[in-house]
**Q** 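Please read through the structure below; I'll follow up with questions.
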Amino acid sequence: MTDLRMTVAAAVQDAVAAVTGERIPLPHVGDPPRPEFGDLAFAVALELGHKLGRPPRQLAEELIAYLTEHDTEGVQRWEIAGPGFLNAFFDRGFVLGRLMGSLHQSVSETAQGPKVVVEHTSINPNKAAHIGHLRNSILGDSLARLLRHQGVPVEVHNYIDDTGVQVADVVLGLVDLRGLDAEAVRSMPDPFDYACWDLYTEVTARLESDERLAARRHDVLVSLERGEGTDAEVGAVVVERIIRRHLETMARLGIEYDLLVHEGDIVSMDLWSTAFERLKASEHVYFSEEGKHSGCWMMRLSGVSGFEDLEEPDKVLVRSNGAATYVAKDIAYHMWRYGELDNPFLYRKFSESEAGHITWQSGAEGEKMPFGDADHGFSVIDVRQAYLQSIVAVAVASMDPDGRTDRHTHFDYEMVALTPRTAKALGIPLTSDDQGRPFVEMSGRRGVGVKADDLLNVLRDRARDEVMERNPDLPEGELKTLALQIAIAAARYFLVKFTRKTVIAFDLEDALNFEGETGPYLQYAAVRTGSIFERMQDDWGVSVEEAVSTVLSGPGAGSGAFSGAERVVAADGELEPLSLDQLRDVLGEKENDTLWDLALQLARFDRVVDLAVQSAEVSVIAKYAFTLAQEFNRLYHKYPILQEEDLTERGVRLLLAYALRHRLRQAMSLLGIPVPERM
RNA sequence: GCGCCCGUAGCUCAGAAGGACAGAGCGGCGGACUUCUAAUCCGCGGGUCGCAGGUUCGAAUCCUGCCGGGCGCGCCA
């Protein structure tokens, strides 16, 4: 369909050349605000008219005359409107036939081309995941799905910061406050991440007044950095157990990873020291002899665009005690990710899903695998880390042999906070600062937040109640599956329906809603499309594919669509082959404008996916899927399919229902929203 | 102080790279289930697109200034 728009745009371009002698770039294809204005709109006459000093309306008339004389594929007629818009009216039958033919073409066969890394989740492995982390993982997972849909080879990374203070604090709690050793920590009951959530808050509070504990934290950090000593042993158990919990939580949502990269390995396997040597050789890194940062290795950022207004733009990479900072290790990881450093890693299996997907982890032992060395990459990290990410981007670009600056993208998004109402309902004590604010920021340190598993559990239980009410006879197994599917839909849709730059003020009541613009609404529409075809199979013994190929087997109707499909003809009186003229007649009727609108929506699919990828905006897909579901629900009420007596009307509606089912399911799959059997 | 982001209906948000009467969901009011499932659909009410200038044939959209809100600017991560 994209090409059809391009074809028409090119026709307009030609018309302009013929009429005015002006060579213009391919004109922008607009969407008219109302159906009376046609299907495509061009403003060239307005732009050009003023430029050439000619009345736009008159110029438009000449262009229309030219365009009307010269046929353009897919265009039935042209009209002039308003101050001088050129409006094209599609040949509706032709477009529908083309739409049907395009349905199975946009699915990527096998991934090929340069590899793209999507890094997401990367939660500090010291506590349970909360809904802010969920936004990250869901956005990242959806992005990966979008890229895969476009045939891009995607590698999903989850970066594990196993050597930082966050882990150290929990180790401190387990060892010093609870008196546990590694073995005891290993045998703590689940949910381990919940226990650590509380412990982390407790330690944070204690550290404020307990100087002895604060001193101990320093030792723990050193132990973690070096990977030596009993604290490091405990730390390793904590990290491993927490990561397993995080992956279980994400698996509930259908989110999987290809590789876990441990920050500790970056140091122990000399990835950092190699990177450091490279950086030192460049002009971007220098040793500070004096002043505030005396004894530190610094990254030079003064003079770099974006940093010029900072008071002290340069950034510490190596502390005066010789330890690399978080950014430094992150830079090393990114350099490795983009193939700027030799790969020192070996890989072991970390886990395997029921479906057989393996998550690997980097380390000193295991087998060689072709991870890393990507052409492009996205780091899904919230906008609060924009400053650090820009430093990483500068470092990566400075190391690139070709000087490319577009290889690394910080996929930034705003945070998830809590509405005061929800914070209150959860019993979170509000500080006086919080009182007057529009939302309450979550904080792992203070234990303020909604845990991801808690949200999923509440959604699941609520879904279960709803299902039982509507469908009391459902067997327990199906009930369980369905409740979880609905919970996934509700959670995933809620976290991607906002644009990236919108702070989500999480409101439990809104999130628990299953009506209106929600994930379950999409599922309901998808289930309904399915039930039509199920009924058709039961009553007539005709499968969907048979039905569609029957209708499209008329002269000209398919225009190559379903050409591979066998021309099955359903029984007399149920469906009949339609000709191109019949499609035109049905869709041309004024009262069928709703059907035509749906056809146009469906035709947008590929363009919508492109837009979503280009703008890295998953909400575009969410809105689109919602629009499809909405259009279908309207159609469902207004236009019965199986009951419709006129076989021509019936046939067209069936085609649209089929196309809709296909596209809606695809869109939902891009969002990771499952389609239930029934609801 | 400097930088980035945001300000659109009572509430929560879209607005497809400047276009033709500003949209959706929720909430409110009123309707539609012997019909392919009412987690649905239909109707009604509701907006000086924060304010002021500017660019343009045309601005919610681009530019400048101001007001209001959020976030960031560590030898933490």
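To find a chain, count down the sequence lines: A is the first, B the second, and so on, and within it residues start at 1.
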**Q** So that I know where these two stand, are Y333(A) and W272(A) an aromatic pair - ring centroids less than 6.0 Å apart?
**A**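 Between Y333(A) and W272(A), the centre distance exceeds or equals 6.0 Å.
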**Q** Looking at rG70(B), I'd like to know if its phosphate oxygens (OP1 or OP2) sit under 4.0 Å from a side-chain N or O belonging to R384(A).
**A**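 Negative; the distance criterion is not met.
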**Q** Whether R604(A) contacts rA16(B) is assessed here as follows: a side-chain N or O lying under 4.0 Å from the phosphate OP1 or OP2. Is that the case?
**A**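 Answer no for this pair, as no side-chain N or O of R604(A) is under 4.0 Å from OP1 or OP2.
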**Q** Does Y639(A) reach a base, just sugar-phosphate, or nothing at all? Heavy atoms under 4.0 Å.
**A**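 Y639(A): base contact, heavy atoms under 4.0 Å.
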**Q** Does the N136(A) side chain pair with the main chain of V380(A), one donor and one acceptor, at a distance under 3.5 Å?
**A**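 A pair under 3.5 Å: yes.
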**Q** Could you state the atom-to-atom distance from CE of M668(A) to P of rA39(B) in whole Å?
**A**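 Spelled out: CE on M668(A) to P on rA39(B) is 16 Å.
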**Q** Using atom names, set out every protein N or O paired with an N or O of nucleotides 54-58 of chain B below 3.5 Å, distance rounded to 0.1 Å.
**A**
from	atom 1	to	atom 2	distance (Å)
rC57(B)	O4'	H50(A)	ND1	3.4
rC57(B)	O4'	H50(A)	NE2	3.4
rC57(B)	N1	H50(A)	NE2	3.1

**Q** For A81(A), answer base if it contacts any base atom (sugar-phosphate contacts may also be present), sugar-phosphate if it contacts only those atoms, and nothing otherwise; contact means non-hydrogen atoms under 4.0 Å.
**A**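 Counting heavy atoms under 4.0 Å across all strands, the contact made by A81(A) includes a base.
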**Q** Pick base, sugar-phosphate or nothing for M536(A), based on heavy-atom distances below 4.0 Å to the nucleic acid.
**A**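 Since no nucleic acid heavy atom lies under 4.0 Å of M536(A), the category is nothing.
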**Q** Could you work out, with side-chain contact (heavy atoms from CB on, under 4.5 Å) as the rule, every residue matching V29(A), not counting sequence neighbours?
**A**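 So V29(A) forms a side-chain contact (heavy atoms from CB on, under 4.5 Å) with R5(A), A9(A), L40(A), F42(A).
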**Q** Please tabulate, one pair per line, each protein N/O and nucleotide N/O from nucleotides 1-11 of chain B that are separated by under 3.5 Å, including the distance.
**A**
from	atom 1	to	atom 2	distance (Å)
rC2(B)	O2'	D309(A)	O	3.4

**Q** Checking all strands, does F533(A) fall into the base, sugar-phosphate, or nothing category for heavy-atom contacts under 4.0 angstrom?
**A**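 It contacts nothing in the nucleic acid.
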**Q** Let me know the distance between CG of L611(A) and C1' of rA17(B), rounded to the nearest Å.
**A**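 After rounding, the reported distance stands at 9 Å.
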**Q** Please report the distance separating the C1' of rC6(B) from the corresponding atom of rU12(B), rounded so that it comes out in whole Å.
**A**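 Taking atom C1' in both rC6(B) and rU12(B), they lie 15 Å apart.
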**Q** For A41(A), report the nucleic acid contact type (base, sugar-phosphate, nothing); a contact means any heavy atom under 4.0 Å.
**A**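 Result for A41(A) = base.
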**Q** F498(A) near the nucleic acid: base, sugar-phosphate alone, or nothing, with a heavy-atom cut-off under 4.0 Å?
**A**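 If one applies the 4.0 Å heavy-atom cut-off, F498(A) turns out to touch the sugar-phosphate alone, with no base involved.
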**Q** What base-paired stems does RNA chain B take part in, with at least 3 consecutive Watson-Crick or G-U wobble pairs and both distances under 3.5 Å?
**A**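 B:1-7 with B:67-73, B:10-13 with B:23-26, B:28-32 with B:40-44, B:50-54 with B:62-66 - these are the stems of 3 or more pairs that involve RNA chain B.
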**Q** Using the C1' atom on both, measure rA9(B) against rC71(B) and round to a whole Å.
**A**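 Here rA9(B) and rC71(B) have their C1' atoms 27 Å from each other.
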**Q** Between atom CG of D265(A) and atom CG of D162(A), what is the distance when rounded to the nearest 0.5 Å?
**A**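 If I round to the nearest 0.5 Å, the distance is 7.0 Å.
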**Q** Write down the distance separating the C1' atoms in rU55(B) and rC13(B), rounded off to the nearest Å.
**A**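 The same atom, C1', in both gives a distance of 30 Å.
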**Q** Could you list all N or O pairs between the protein and nucleotides 28-34 of chain B that sit under 3.5 Å apart?
**A**
none

**Q** Indicate, with a heavy-atom threshold strictly under 4.0 Å, whether F514(A) touches base, sugar-phosphate, or nothing.
**A**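 Base contact.
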**Q** Under 4.0 Å, heavy atoms only, any strand: does A386(A) hit a base, just the sugar-phosphate, or nothing?
**A**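 Nothing: the residue A386(A), judged by heavy atoms under 4.0 Å, touches no strand.
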**Q** Is it the case that the side chains of D314(A) and Y286(A) hold a donor-acceptor pair, with the cut-off being a distance below 3.5 Å and no angle test?
**A**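 Short answer, yes.
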**Q** Hey, is F85(A) stacking on rA20(B)? Ring centres under 5.5 Å, planes under 30°.
**A**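 Taking the rule of under 5.5 Å and under 30°, the ring of F85(A) does stack on rA20(B).
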**Q** Relative to the 5' end of RNA chain B, which residue comes earlier, P32(A) or N633(A), by the nucleotide with the nearest heavy atom?
**A**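 By nearest-heavy-atom nucleotide position, the 5'-most residue is P32(A).
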**Q** So, is rC33(B) syn or anti if syn means the angle is within 90° of 0?
**A**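 Syn, since the glycosidic angle lies within 90° of 0.
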**Q** What's the gap between rU37(B) and rC51(B) when it is taken at their P atoms, as a whole Å value?
**A**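 Per the computed distance, 49 Å lies between those P atoms.
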**Q** Using the P atom in both, what is the distance from rA20(B) to rG54(B), to the nearest Å?
**A**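 Result for the P pair: 23 Å, nearest Å.
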**Q** Taking rC33(B) as the reference, what is the distance to rA38(B) when you measure between their C1' atoms (whole Å, please)?
**A**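 One C1' to the other, the span is 6 Å.
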**Q** Taking only residues two or more places apart in sequence, or in another chain, which ones meet A489(A) in a side-chain contact (heavy atoms from CB on, under 4.5 Å)?
**A**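 Expected list: P520(A), Q523(A), I673(A).
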**Q** Taking 4.0 Å as the cut-off, does a side-chain nitrogen or oxygen of Y493(A) come that near to OP1 or OP2 on rC13(B)?
**A**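 Indeed not, no polar side-chain atom of Y493(A) lies that close.
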**Q** Can you check the E631(A) CD to rA24(B) C1' distance for me, whole Å?
**A**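 The answer, rounded to whole Å, is 13 Å.
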**Q** Could you check whether S294(A) gets within reach of a base, just the sugar-phosphate, or nothing at all, counting any heavy atom under 4.0 Å?
**A**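 Base contact - S294(A) has a heavy atom under 4.0 Å of at least one base atom.
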**Q** What is the nucleic acid contact for K292(A), judged by heavy atoms within less than 4.0 Å: base, sugar-phosphate only, or nothing?
**A**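 The residue K292(A) makes base contact.
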**Q** Can F37(A) and F85(A) be said to form a ring pair (Phe, Tyr, Trp, His ring centres under 6.0 Å), step by step?
**A** CA-CA 9 Å; F37(A) 292 148; F85(A) 286 102; 8.0 Å; no
**Q** Just checking V167(A): base, sugar-phosphate only, or nothing, at a heavy-atom cut-off of under 4.0 Å?
**A**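 The residue V167(A) makes no contact with any strand.
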**Q** So V527(A), base contact, sugar-phosphate only, or nothing? Heavy-atom distance under 4.0 Å.
**A**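 Contact class for V527(A): base.
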**Q** Starting from C1' on rA14(B), measure out to NZ on K623(A) and report it in whole angstrom.
**A**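 Distance check: K623(A) NZ to rA14(B) C1' gives 5 Å.
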**Q** What interatomic distance, in whole Å, is found between C1' of rG25(B) and the corresponding atom of rG1(B)?
**A**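 Going atom to atom, C1' in each nucleotide, I get 41 Å.
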**Q** Mind checking the P distance from rU61(B) to rA52(B)? Whole angstroms is fine.
**A**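 My reading of the P atoms in rU61(B) and rA52(B) gives 13 Å.
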**Q** Without decimals, in angstroms, what is the distance between F42(A) CZ and rG18(B) C1'?
**A**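 In whole Å, rG18(B) C1' lies 17 Å from F42(A) CZ.
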**Q** Starting from C1' on rU35(B), measure out to CZ on R653(A) and report it in whole angstrom.
**A**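 Taking atom C1' of rU35(B) as the reference, CZ of R653(A) is at 14 Å.
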**Q** Please report, rounded to the nearest Å, how far the P atom of rA39(B) is from the CD atom of Q523(A).
**A**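 Answer to the nearest Å: 14 Å.
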**Q** For F439(A), report the nucleic acid contact type (base, sugar-phosphate, nothing); a contact means any heavy atom under 4.0 Å.
**A**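 The answer is sugar-phosphate, as F439(A) gets under 4.0 Å only of primed atoms, P, OP1 or OP2.
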**Q** Q630(A) side chain N/O closer than 4.0 Å to the phosphate oxygens (OP1, OP2) of rC41(B)?
**A**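 Answer is no, no contact under 4.0 Å.
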**Q** For N87(A), which contact category applies under a 4.0 Å heavy-atom criterion: base, sugar-phosphate, or nothing?
**A**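 If one applies the 4.0 Å heavy-atom cut-off, N87(A) turns out to touch a base.
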**Q** Respond yes when some side-chain nitrogen or oxygen of T325(A) is under 4.0 Å from OP1 or OP2 of rG74(B), and no when none is.
**A**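 Result: no.
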**Q** When syn is taken as a glycosidic angle within 90 degrees of 0, is rA17(B) syn or anti?
**A**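 Here the answer is syn: the torsion falls within 90° of 0.
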**Q** Looking at the rings of Y521(A) and F514(A), which for Trp means the six-membered one, are their centres under 6.0 Å apart?
**A**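 Aromatic pair excluded; centres sit 6.0 Å or further apart.
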**Q** Is a donor-acceptor contact shorter than 3.5 angstrom present between the side chain of S531(A) and the base of rC36(B)?
**A**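 Absent.
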**Q** Return yes if the base of rA20(B) and the side-chain atoms of R34(A) contain a donor-acceptor N/O pair under 3.5 Å, otherwise no.
**A**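 No, no donor-acceptor pair under 3.5 Å.
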